[in-house]
2 protein chains.
Amino acid sequence: MDERVRDHAAVLVDWSARVEAGDNVVCSVGPDAHELAVAVAEKLGERGANLLATYSSGEIMRAYLRGHDGDFDTDPAHELGLIENADVYLSLGGGRNTSATADIPGKQRQAYDSARTEIRETRLGTRWVSTVHPTRSLAQQAGMAYEEYREFAYDAILRDWESLAEEMAQLKTLLDDGDEVRLVSNDTDLRMRIDGRTAVNSAASVAYDSHNLPSGEVFTAPEAAAGAVTFDVPMTIRGESVRNVRLEFEAGEVVDFEAERGEEVLDAVLETDDGARRLGELGIGMNRGIDRHTDNILFDEKMGDTVHLALGRAYDACLPTGETGNESAVHVDLITDVSEDSRLEIDGTVVQRDGVFLFEDGFEG
Amino acid sequence: MDERVRDHAAVLVDWSARVEAGDNVVCSVGPDAHELAVAVAEKLGERGANLLATYSSGEIMRAYLRGHDGDFDTDPAHELGLIENADVYLSLGGGRNTSATADIPGKQRQAYDSARTEIRETRLGTRWVSTVHPTRSLAQQAGMAYEEYREFAYDAILRDWESLAEEMAQLKTLLDDGDEVRLVSNDTDLRMRIDGRTAVNSAASVAYDSHNLPSGEVFTAPEAAAGAVTFDVPMTIRGESVRNVRLEFEAGEVVDFEAERGEEVLDAVLETDDGARRLGELGIGMNRGIDRHTDNILFDEKMGDTVHLALGRAYDACLPTGETGNESAVHVDLITDVSEDSRLEIDGTVVQRDGVFLFEDGFEG
């Protein structure tokens with residue numbers, strides 16, 4: 001086994017999920033993530049954790065959803081019983097075809113998801129972490145050779161997380177102290193309120209309220225968005241290619257939208273529920289191990305020199321205690337490049353210009 | 001997809017497990033059983049059942065057991081919570097290497113199994129069915145080409161189960177009415193008491209207390225075995241090759257044993273607990289779609305013209321209400337060919353000679 005697979009498992013189990021003896025761990029394994037699952041299983045054994053592996057396959061989901069009449073039972077007790085008694089949930093993604101569910105009608109998928117609200121909320125209450133095993137299908141989606149993609153993925157995953165966490169803490173402080181963020185870039189001038197909100201230093205560990213590996217972003221939950229924003233980083237949403245989305249906001253809500261490609265899927269996202277037309281997240285990518293977009297949100301949104309906004313659900317960690325933020329069944333991220341002709345302001349002060357932060361060498365306010 | 005895969009899924013879901021709308025189904029998927037799992041998922045969707053897929057990989061189990069210090073938590077709550085709320089448990093076996101766990105020390109495996117007694121018992125209380133997807137590794141174990149093996153496997157699985165059930169009912173009646181069975185063959189003369197016991201017409205359906213697909217055997221729970229028996233059908237037990245096992249019984253217990261190959265693993269089985277030295281099952285193979293042994297107990301024990309005995313745990317379905325039969329952590333089957341120079345007697349009456357039953361044409365009492 002490639003030593004990097006073992007290193008990936010060690011980071012996931014120890015740094016990200018903080019697994020301890022006696023933890024009940026659900027490990028969701030994609031069809032091509034087998035090798036990573038083997039390495040994770042060994043680590044979980046060494047830690048004295050209890051492993052149950054589930055199988056997460058787009059092809060199985062597609063077959064099931066196609067067979068079903070759409071009247072789904074609410075939170076089936078066996079799945080709920082599993083997750084209610086889990087301390088840790090590790091998602092090891094990786095299939096053979098990133099478009100495996102492309103022909104499932106959005107309505108059917110939504111009906112399935114909506115019937116599983118309690119299961120989803122319970123899962124989000126565990127020490128959950130999502131990662132992927134670098135597969136050939138992800139390499140293909142990235143337009144990269146397999147070995148080239150593996151280099152890329154492990155550069156992003158096997159970082160010095162502790163030192164990146166310290167770096168990101170500086171931006172967190174700026175956001176926590178601020179009231180309003182303004183993003184200015186090509187075709188973009190957007191203001192968002194962040195007063196009272198707490199930014200997450202997303203250092204790829206549950207100890208930082210961070211649930212992705214790789215991570216490397218600082219994010220918060222904005223509200224009252226006003227203005228326009230263009231997302232120029234290409235994306236795939238629900239199997240559909242999406243390019244150059246432009247959103248216009250008034251009083252926090254999308255009032256107009258267009259896209260060069262993927263307008264239909266964007267429309268479907270916005271129609272999910274009321275919360276899908278509001279922002280749930282403002283995220284600032286700080287993982288410079290990720291130096292190109294690979295059409296995979298797990299990596300793209302963490303990319304250095306980018307900012308992303310998500311339509312839909314806000315993370316509780318960003319909200320004042322007792323306050324519910326934007327609620328929605330969806331959380332769909334869109335990304336914009338800020339490496340050139342761009343600035344991020346907090347309360348009128350430029351904190352990032354052309355990708356360089358004010359606490360870094362070379363910053364030009 | 002090969003139409004036989006869909007047919008296999010249909011038999012499993014409808015005939016074997018009797019899945020109905022609202023059933024909570026756990027589907028345990030082997031790494032190479034993906035295609036069958038897709039077909040099963042579609043059927044489960046059509047029936048309105050709730051699917052949760054688990055991933056059952058020998059390589060993951062090996063890695064976990066190798067990492068662990070052997071002090072396993074008892075019945076982890078997440079796994080128990082899953083199975084306690086399941087109505088149906090479908091095991092879709094099929095990996096890439098049937099020896100994937102060959103180097104796990106037996107003690108470690110036993111410690112793991114012993115810590116999961118309640119999980120196992122709860123699973124046996126569901127409508128559980130074990131089947132396999134015909135994989136290349138199973139073809140290899142059978143010494144057959146892949147396509148040849150697929151023909152073989154589907155011949156065994158896609159039978160007219162209703163008509164086989166009627167045929168087997170005749171043998172069940174003979175066993176239910178009898179008090180003592182005697183098996184006479186080369187190097188074999190064994191008597192067992194079966195009075196008060198109920199035979200299972202194992203027609204590959206939970207409706208018949210039958211939990212294997214394929215099945216096609218009639219079995220009961222014998223006691224007080226006396227005499228000697230030689231098992232001449234080759235087997236693999238816990239990854240070890242076993243040949244020509246000879247067991248001697250007195251008052252129901254193994255008092256002497258030998259084997260041409262695999263004596264060590266046999267010894268380990270017998271040492272598991274007290275029940276491992278007693279018989280849990282007498283089974284008579286009646287699936288003539290299985291015309292050769294393939295070193296896979298799921299198929300071999302159902303083979304026409306064979307009789308098998310299991311050391312260890314007896315099935316509750318064979319026992320008078322309230323009576324616990326032989327208890328053990330193991331259930332290990334051993335098979336003998338009865339196609340020549342053999343007879344099976346019930347209370348002194350020959351009911352099978354050289355593979356032909358008394359209710360069949362060509363029977364010579």
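Keep in mind that the numbers below use all heavy atoms, side chains included, and drop hydrogens, waters and symmetry copies.
- Without hydrogens or angle criteria, A:His78 side chain to B:Val25 main chain gives a donor-acceptor distance under 3.5 Å.
- Residue A:Glu147 places its CD atom among more than 12 non-hydrogen atoms of other residues, nucleotides or ligands, all under 6.0 Å distant.
- By the neighbour-count criterion of 12 heavy atoms within 6.0 Å, atom CD of B:Glu121 is densely surrounded, having more than that number from other residues, nucleotides or ligands.
- Across A:Asp73 and B:Gly22, no two heavy atoms sit closer than the pair OD2-CA, 3.3 Å.
- If you measure heavy-atom distances from B:Val26 to chain A, the contacts under 4.5 Å come from both the backbone and the side chain.
- We find the CG-CG distance between B:Asn85 and A:Leu82 to be 10.0 Å, quoted to the nearest 0.5 Å.
- Comparing B:His68, B:Glu46, B:Glu79 by heavy-atom pairs within less than 4.5 Å of chain A, the highest count is held by B:His68.
- By the 6.0 Å contact criterion, CD on A:Gln108 is enclosed, its count of non-hydrogen atoms from other residues, nucleotides or ligands being greater than 12.
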Hey, can you pull the donor-acceptor pairs under 3.5 Å for the side chains in residues 57-64 of chain B, sequence neighbours left out?
residue	atom	partner	partner atom	Å
B:Ser57	OG	B:Glu59	N	3.2
B:Ser57	OG	B:Ile60	N	3.0
B:Glu59	OE1	A:His34	NE2	2.6
B:Arg62	NE	B:Asp103	OD1	2.8
B:Arg62	NE	B:Asp103	OD2	3.3
B:Arg62	NH2	B:Asp103	OD2	2.9
B:Tyr64	OH	A:Ala49	O	2.5

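- Ranked by heavy-atom pairs under 4.5 Å with chain A, the list B:Val38, B:Ile83, B:Leu80, B:Leu65 is led by B:Val38.
- For CZ of A:Arg120, the number of neighbouring non-hydrogen atoms (other residues, nucleotides, ligands) closer than 6.0 Å is greater than 12.
- With respect to chain B, the highest number of heavy-atom pairs below 4.5 Å among A:Ala37, A:Gly67, A:Ala21 belongs to A:Gly67.
- Interface check for chain B: of the options A:Leu51, A:Leu44, A:Asp71, the most heavy-atom pairs under 4.5 Å are formed by A:Leu51.
- Taking CG from A:Leu92 and OH from B:Tyr55, the interatomic distance works out to 10.5 Å, rounded to the nearest 0.5 Å.
- When the shell of 6.0 Å around CD of A:Gln110 is examined, it contains more than 12 heavy atoms from other residues, nucleotides or ligands.
- Contacts between B:Val29 and chain A at a heavy-atom distance below 4.5 Å involve the side chain alone, from C-beta outward.
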